[in-house]
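Computed from heavy atoms alone, side chains included, the values below leave out hydrogens, waters and symmetry copies. Quick note on labels: first sequence line is chain A, next is B, and so on, each numbered from 1.
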There are 2 protein chains.
Amino acid sequence: MTTRRDAVHDTLRQSEGFRSAQDVYAEMRQHGAKIGLTTVYRALQALADGGHVDVLRTDDGESVYRACETGEHHHHLVCRRCGRTVEVAGPAVERWAETVGTEHGFTEITHTVEVFGTCSSCSRTPRPA
Amino acid sequence: MTTRRDAVHDTLRQSEGFRSAQDVYAEMRQHGAKIGLTTVYRALQALADGGHVDVLRTDDGESVYRACETGEHHHHLVCRRCGRTVEVAGPAVERWAETVGTEHGFTEITHTVEVFGTCSSCSRTPRPA
DNA sequence: TGCAAAATGAAAATGGTTGTCAAAGTCGAC
DNA sequence: GTCGACTTTGACAACCATTTTCATTTTGCA
């Protein structure tokens, strides 16, 4: 039975950027969904395990999720103001990580790369505080 | 008065890899230091703010700290088994992040890049579980 | 239809981190 | 050397995202 999981997935898909589990939960409830917080967490985890959504950690340690368009390995360019996210590929980075790891005798190399910035529409609006 | 902060910094310096606040606290107590957990957190934060130590988040959301050898911008190659860490520079990555951000109209670009792998000595020992 | 296995969710537990606040330490002025 | 303002400390409580527990509901399937 995956109806709940699909509901979570759908909610995520409607979002431009990364959303926290609590966000997703709040939004689903707002839209009248009868779902528990526990289930949202479980669904999110399952989706992440299955590679259907990407996860990353905010600076304050919260996990945030996003339904990405491609199943391929990619990275994110995230607006630090509005959260809008662009998926980007970076073959150069992949190679670099691999090389750097190998040079130091490391194997089974993985990497995390995220790019943050202020997107064009946000940089037009006055700065907060 | 920075004796406590220095003590924390020293403890960190004696470590090969990233250590959590709780780790540092435990170790300091073990060595007979009279210090409170709160103070360790505060010292770590102050050091991080001042750029004297690097911070990153583990997969389970814990903040881990490391006294790095250089104040320059750099990244880390971390052994996922033993935690040993090598500081690496990646001019190519810096440029790539900048380019990718700019191409999409983003400004004030920053990035996080960490590389994980299994170091040579760990890959010689049998795998856990 | 019946029933065992899986899913659900409310509430409690967990655990890293932060806030509170009174006690202790620091330092300059006298 | 002593007094008092200011800072630092740390025990403890508060926070809060996440996980666990466990009783109930739902589902899959014979």
Could you tell me which non-hydrogen atom of A:V78 sits nearest to which non-hydrogen atom of A:F18, and how far apart they are?
->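 That closest heavy-atom pairing would be CG2-CE1, 4.2 Å.
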Under 3.5 Å, is there a donor-acceptor pair linking the side chains of B:Y41 and B:Q22?
->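 The answer is yes; a qualifying pair exists.
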With under 30° as parallel and over 60° as perpendicular, where do the rings of B:H9 and B:H52 fit, or are they tilted in between?
->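 Because their plane-to-plane angle lies in the 30° to 60° range, the rings of B:H9 and B:H52 count as tilted.
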Gap between atoms [atom1] and [atom2], on [X] and [N] respectively (whole Å):
| X | N | atom1 | atom2 | value |
| --- | --- | --- | --- | --- |
| A:Y65 | D:dA17 | OH | C1' | 10 Å |
| A:D23 | D:dC16 | CG | C1' | 14 Å |
| B:Q45 | C:dT17 | CD | P | 10 Å |
| A:L44 | C:dG9 | CG | P | 14 Å |
| B:Y41 | D:dC12 | OH | P | 17 Å |
| B:E62 | C:dG16 | CD | C1' | 7 Å |
| B:D60 | D:dC16 | CG | P | 21 Å |
| B:L47 | D:dT8 | CG | C1' | 15 Å |

May I ask you to evaluate whether B:R4 reaches the phosphate of D:dG10, defined as a side-chain N or O under 4.0 Å from OP1 or OP2?
->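 Yes, within the criterion.
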So do A:R66 and A:S15 actually touch side chain to side chain, heavy atoms under 4.5 Å?
->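 No. Closest side-chain heavy atoms not under 4.5 Å.
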Using a cut-off of 4.0 Å on non-hydrogen atoms, how would the nucleic acid contact of A:S63 be classed: base, sugar-phosphate, or nothing?
->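 The residue A:S63 makes sugar-phosphate contact but no base contact.
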Under the side-chain hydrogen bond (donor to acceptor under 3.5 Å, both in side chains) rule, what do B:H75 and B:E87 come out as? Steps first, then yes or no, please.
-> CA-CA 6 Å; B:H75 301 292; B:E87 298 174 28; over 6 Å; no
More than 12 foreign heavy atoms under 6.0 Å from CD of B:E16: is that the case here?
->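 Incorrect, the count does not exceed 12.
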Of the nucleotides C:dG16, D:dT18, C:dG9, which has the atom closest to the B:Q22 side chain?
->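 Output: C:dG16.
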Carboxylate-amine/guanidinium proximity below 4.0 Å for A:E62 and B:R57 |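 No, this pair does not count.
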Name the pairs: protein N/O against N/O of nucleotides 10-13 of chain C, kept only if under 3.5 Å.
residue	atom	partner	partner atom	Å
C:dA10	N6	A:T38	OG1	3.1

